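Remember, it's a predicted structure, so these values are computed and weren't measured experimentally. All values below were derived from every heavy atom in this structure, side-chain atoms included, with hydrogens, water molecules and symmetry-related copies excluded.
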Amino acid sequence: MKKQFMQWAGVGVWIALTLSACSSPQTEVGNLNVIPQPQEVSQDIQTAPFVINPQTCVTYPEGNEMLKRTAEFLASYMKEATGVTVRTSTQAERKNAIILDIDSTISHKEGYQLKVTPETIYLNGGSEAGVFYGVQTLYKALPFTKGRQVSAAIPAGTVNDYPRFGYRGFMVDVGRHYFPVSYLKQIIDMLALHNINYFHWHLTEDQGWRIEIKKYPKLTEVGSTRPRTLIDRETQTYDETPHSGFYTQEEAKEIVQYAADRFITVIPEVDLPGHMMAALVAYPELGCTGGPYEIPCKWGVFPDVLCGGNDQALQFAKDVLNEIMDIFPSPYIHIGGDECPKIRWEKCPKCQRKIRELGLKNMPAHSKENQLQTYFMSEVGKVIADRGRKMIGWDEMLEGGLAPDATVMSWTSTHGGIETARMHHNAIMTPIQFLYFSNPTYNKIKGTKSLERVYTFEPVPEELTAEEKQYIIGTQGCIWTEWTRDSVKMEWQILPRMAALSEIQWTEPEHKNFNCFLKRLPSLLAIYKDRGYDFRQDIYDVNIDIVPASGEETAQIALRTFDNAEIHYTLDGTVPDAQSPLYTDSIQVNQDVTIQAIAIRPQGNSQISKEEIHFNAVK
């Protein structure tokens, strides 16, 4: 069977001709080309598909508890999509069965092989994680038939798949705004749907300490509550409502287990030595001035940080991280390291004494205070290394010289990742310009253009050598919650851009295609809708592209939607509707106009897209 990278994404209808025409329901067939796009897909549309029915059984090897759980996940996913309840069993059934198993010959441990025949689906993984990702593909390959008198089927064919990157992350900040355990579980389910395998949990901030530390109880007794919150940057308006919340160690372990069941590792972050105001309010002796301190109710970077020359502050950091490592079995521990002003350190007797003790001198690339931070982080790193873990920090760690064995998350741009790779340290690309989904500047970009900005980001810079490129171990999206107070805005910012992120993380570049991605997107949006995710609705809007015609005082206007919906438009200032002119080809204009366009769909019309075109008068 020839390998195909299908450029269509919808579902088809296949009629079982062997059944009598009067009794056979239609069978709607899904598509093995899902999001993220598998590396190799071959579909055989001439062969009958595998039809889901109440007799379908998902089988797994006896005694393998992880595959048992994954089989149960698949059964629940099938119920979600089709409304059909299927069985799970350890019996070696071969007809009307989906067989899950491990194949040690699959070289990539997170890879899987999928073979679909009319009677049986064989899903083998290089490990239990590989089988889980194959199950995600099966789930997304199903047509959404629940509530309709249509049978659901998966097309005959094969998939050979594996992830491009071993690190596929997403970060949620709960320091600025607390989100309950129940909602974080929903976020983890969202990550699983997109084949993301690391949940970076940003647990501490100036505005709130969110994780219980038993040796320092005031961190949550005092540091988890602020009296009010800034809600408008321009007017400096506050809500005058206390905001609080933290996670007990048992709740954190519950999150860790919930994620692990879905092959997701939780990476805890305790951001230090900066972003520590909540801790300083609880324990003012840890700061350079001794306080008093107040928990900030607004956003930004604050001058008061842990005292870099105070042995008590260093011991505090070590104690906290030891408790963190008792809770979180993650191989990575994130210690922040970003946005740590040195204003207090420059004048602090303890910091300056420590600088002299260490023999630090100002250098062209690194100030002595920046080198003090490197010392502080290196000492913390020793505690992490002694527990067999790896330290991750933001790219400001480079400012004083990189601590031994540190992994860098490059957020200010890709330059930190490039510098890190050239130093032969591992780097994770998470640049604010592309992968900060809460960035207000880029949230103004609407519709498919917002998706394209994420999708076209390439994490591995061409300027690196082949050897250096190996140190780019993955990429990550981030959601910061200064202005994100609830799940509605959280999901509006995340989705569907997480779908574009997943294809950066999973799919090899040669198998990526943005137009193909858009054609595959409706099937994923159907899952979002069924789960009640509040994704950005402007994905349905009309994109207006205006291109000046060369050498002429005219402009070409092109209108498009991601799903090729019917488009109607106006040029006379009136509001477009289904009776307005139908868009069929590019529109040429040679005078000032306002174009407005609307997409018409059976399930509802889009919002109106609008652009003004002005021609400059030329004498």
[X] with [Y]: basic N within carboxylate O range, under 4.0 Å:
X    : Y    : result
D405 : R389 : no
K469 : E462 : yes
E110 : R168 : yes

Can you check whether [Y]'s main-chain N or O pairs, donor with acceptor, with [X]'s side chain at less than 3.5 Å?
X    : Y    : result
D395 : T412 : yes
T430 : Q476 : yes
Q371 : H366 : yes
Y293 : G290 : yes
D161 : Q39  : yes
W411 : S413 : no

Can you confirm whether K361 is buried at NZ, in the sense that more than 12 heavy atoms of other residues, nucleotides or ligands lie under 6.0 Å from that atom? no

Given Q493, which partner from the list N439, T481, T484 fulfils the side-chain hydrogen bond (donor to acceptor under 3.5 Å, both in side chains) test? T484

Check: R233 and W483 side chains under 4.5 Å, non-hydrogen atoms: yes

Is there a side-chain contact between M409 and M171, using heavy atoms and a 4.5 Å cut-off? no

Hey, are Y167 and T407 close enough side-chain-wise for a donor-acceptor pair under 3.5 Å? no

Taking atom types as modelled and ignoring hydrogens, do the side chains of Q315 and D311 form a donor-acceptor contact shorter than 3.5 angstrom? no

Calculate, to the nearest 0.5 Å, the distance between atoms CD and NZ belonging to E323 and K214 respectively. 7.5 Å

CZ/F514 to CG/L451 distance, rounded to the nearest 0.5 angstrom? 5.5 Å

With sequence neighbours left out, the residues meeting salt bridge (Lys or Arg N to Asp or Glu O under 4.0 Å) with D319 are K215

Suppose we screen for salt bridge (Lys or Arg N to Asp or Glu O under 4.0 Å). Which residues come up paired with K347, at least two apart in sequence or across chains? none

Quickly, which of F170, W480, W492 forms a side chain to side chain contact (heavy atoms under 4.5 Å, CB included) with F437? Name it, please. F170

